[in-house]
Number of protein chains: 2
Amino acid sequence: MPEPEPVANFDTDAFKSACSKCNLRELCLPGGLSHAELEQLDTLIRVRRQYRKGEYAYRAGDPFDSLFAVRTGFFKTSMLTEDGRDQVTGFLMTGELMGLDGISTERHPCDAVALEDSELCVIPFAKLEELSREAPSLQRHLHKVMSREIVSDQSVMMLLGSMRAEERLAAFLLNLSQRMTARGYSPSEFYLRMTREAIGSYLGLKLETVSRVFSRFHSEGLVAVQQKHIQILDIPRLRSIVGQQC
Amino acid sequence: MPEPEPVANFDTDAFKSACSKCNLRELCLPGGLSHAELEQLDTLIRVRRQYRKGEYAYRAGDPFDSLFAVRTGFFKTSMLTEDGRDQVTGFLMTGELMGLDGISTERHPCDAVALEDSELCVIPFAKLEELSREAPSLQRHLHKVMSREIVSDQSVMMLLGSMRAEERLAAFLLNLSQRMTARGYSPSEFYLRMTREAIGSYLGLKLETVSRVFSRFHSEGLVAVQQKHIQILDIPRLRSIVGQQC
DNA sequence: CGCGCTGTTGAAACTTGTCAAAGTTTGTGG
DNA sequence: CCACAAACTTTGACAAGTTTCAACAGCGCG
């Protein structure tokens, strides 16, 4: 697969970020911090980088030294098993943090690739640790962010361990919808940035199964599907599919 | 289901712990810390509690204020979905840490129950945070522990998302074996503390399937199974089952 | 404008789940 | 310490769900 040319990575002041002025601050790392703490964060996060669709923020095995926050765009993380199977471990929207899984081994265990032209804020982890030693509420906040990641991975485990294909896709759509809402977008209409195969990989299904379930949902009037354009027509019924007692 | 009577929870000096003298220190939270840092940890972890088989260390919804380290015994954590399904999210052996998933909401999202008579070290989280603000290497270590939890949850996601029943059980047995080895026990012979149903719940399989796969492994000479007593006879072949190219 | 990637759909094969019955172990109370 | 009940495990037959293989359609990029 030919790889897109990397766009120049501007580390210049033009791309200097300021958490305190970022419209994502409630969703992102700064969430819940005081104004003074925000200004401390500003000293930390000095670099944004741009990525073209298809470009990698990092690859499995790369040394870890920073976390990345999605400033604009959409990312996918995926891991390779020893036996060569590739699995998508997450999709990341604006305000979400990538790279926490690299802290333990000081190497990134997964690939992170842009699914559309995107921009990331680079958060040097050593400096974040330093700052969080001085600011207890930032420290607590970082711990909460990491813990939230654990909880959300566990809920994917539950999805994979106990749900059937329809339930998985319904849960997936509702999850996207909810995250879109939190970002001020329509809860019911959006473009999927990922392929059926990536959705399937994330949900533990084959791409054909994903496609079939989309078709079934479509014919039942739950969603309007036109390739990547999705319109959720009946959120309550989707919810009832997820919550189906077994 | 009748619940066992709680054993008295001794908070006395008799049960005072000392990480610096604990034979699990290399496996547990203290792993990799200097002697001076260990002594700081000693000031933190002052309480051990004992649990009878079937007793809960905490339940979903309980307020979070401490992490727990398994000192002796064996624990299982499980979550309840909204629709009433219960899923096992982990099995914990000596030296392993429970409760990280409670930091984000300040409530435990899962139940933690002893699968045999056990002892836990109670680690007050606020104090751990305090201490880790003063000791950068403890701070880094805590972050690594949390990150390791994320990575291990992700590898369960991969297992659930891409492996078939035989592969899952083989991976599960190899994982147990490896953790037993790290604790100085035999890598090939152990008692399963959990039921087939709990294994199935963890692996996203029904208990009958778990039982059948055990029987198949048995008849193929991979393991000797007598109820909960397991003897792994052919680790290389188990590995090759896990690593099967799809 | 056409090639390749992505998505859809069908039929058959396979894996796992469901239901049912019987055997085994464990724990409790007499 | 034994007997009984409850919980756990095993096994079989069948059903349901998912994957596999295959063919084809559609869209988008060069």
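It should be emphasised that the depicted structure is a prediction, and the values quoted were computed from it without experimental measurement. Sequence lines set the chain letters: A, B, ... in the order given, protein chains first and strands last, and positions in each chain run from 1.
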Using a cut-off of 4.0 Å on non-hydrogen atoms, how would the nucleic acid contact of A/L205 be classed: base, sugar-phosphate, or nothing?
sugar-phosphate

May I ask you to check whether A/Y51 and A/F75 place their ring centers less than 6.0 Å from one another?
yes

Between NE2 of A/H229 and P of C/dT8 the distance, given in whole Å, is 14 Å

Which nucleotide in the list D/dT19, C/dT9, C/dT25 gets nearest to the side chain of A/E208?
C/dT9

Starting from C1' on C/dT18, measure out to CZ on A/R164 and report it in whole angstrom.
13 Å

Can you find a side chain N or O atom of B/K228 that sits less than 4.0 Å from OP1 or OP2 on C/dT26?
no

Classify the angle between the aromatic ring planes of A/H108 and A/F64 as parallel (below 30°), tilted (30 to 60°) or perpendicular (above 60°).
perpendicular

Residue pairs meeting salt bridge (Lys or Arg N to Asp or Glu O under 4.0 Å), one or both in residues 174-189 of chain A, sequence neighbours left out, come to A/E96-A/R179, A/E96-A/R183

Looking for any heavy atom pair under 4.0 Å, which part of the strands does A/T195 touch: base, sugar-phosphate only, or nothing?
sugar-phosphate

Per nearest nucleotide of DNA chain D, the residue lying toward the 5' end, A/R168 or B/M194, is B/M194

Does the side chain of A/S215 get closer than 4.0 angstrom to OP1 or OP2 of C/dT9 through an N or O atom?
yes

Would you say A/T72 and A/S118 are linked by a side-chain donor-acceptor pair, where the criterion is simply a distance under 3.5 Å?
no

Kindly calculate the angle separating the two end axes of the helix from C/dC1-D/dG30 to C/dG30-D/dC1, each obtained from five base pairs, and round it to 10 degrees.
50°

Please determine if A/K53 and A/E116 form a salt bridge, counting it only when a charged side-chain N lies under 4.0 Å from a carboxylate O.
no

For atom CZ of A/R216 and atom P of D/dT18, their distance in whole Å
7 Å

Distance below 4.0 Å between B/S211 side-chain N/O and D/dT9 OP1 or OP2
no

Quickly work out the B/Y191 OH to C/dT25 P distance and round it to whole Å.
12 Å

Separation of atom CZ in A/F214 from atom C1' in D/dT18, rounded to whole Å:
17 Å

Taking CG from B/L207 and C1' from D/dT11, how many angstroms apart are they, rounded to a whole number?
12 Å

Starting at NZ of B/K206 and ending at C1' of D/dC8, how long is that distance when rounded to a whole Å?
16 Å

Is B/G204 touching bases, backbone alone, or none of the nucleic acid, heavy atoms closer than 4.0 Å?
sugar-phosphate

Rounded distance in Å - CD1 (B/I199) to C1' (D/dC8)
12 Å

Among all residues two or more places apart in sequence or in another chain, which pass the ring-ring contact (aromatic ring centres under 6.0 Å, His included) test with B/F214?
none

Is the shortest distance from a Lys or Arg side-chain nitrogen in B/R216 or B/E166 to a carboxylate oxygen in the other one below 4.0 Å?
yes

Between C/dG27, D/dT20, D/dG12, which nucleotide gets closest to the side-chain atoms of B/R212?
D/dG12

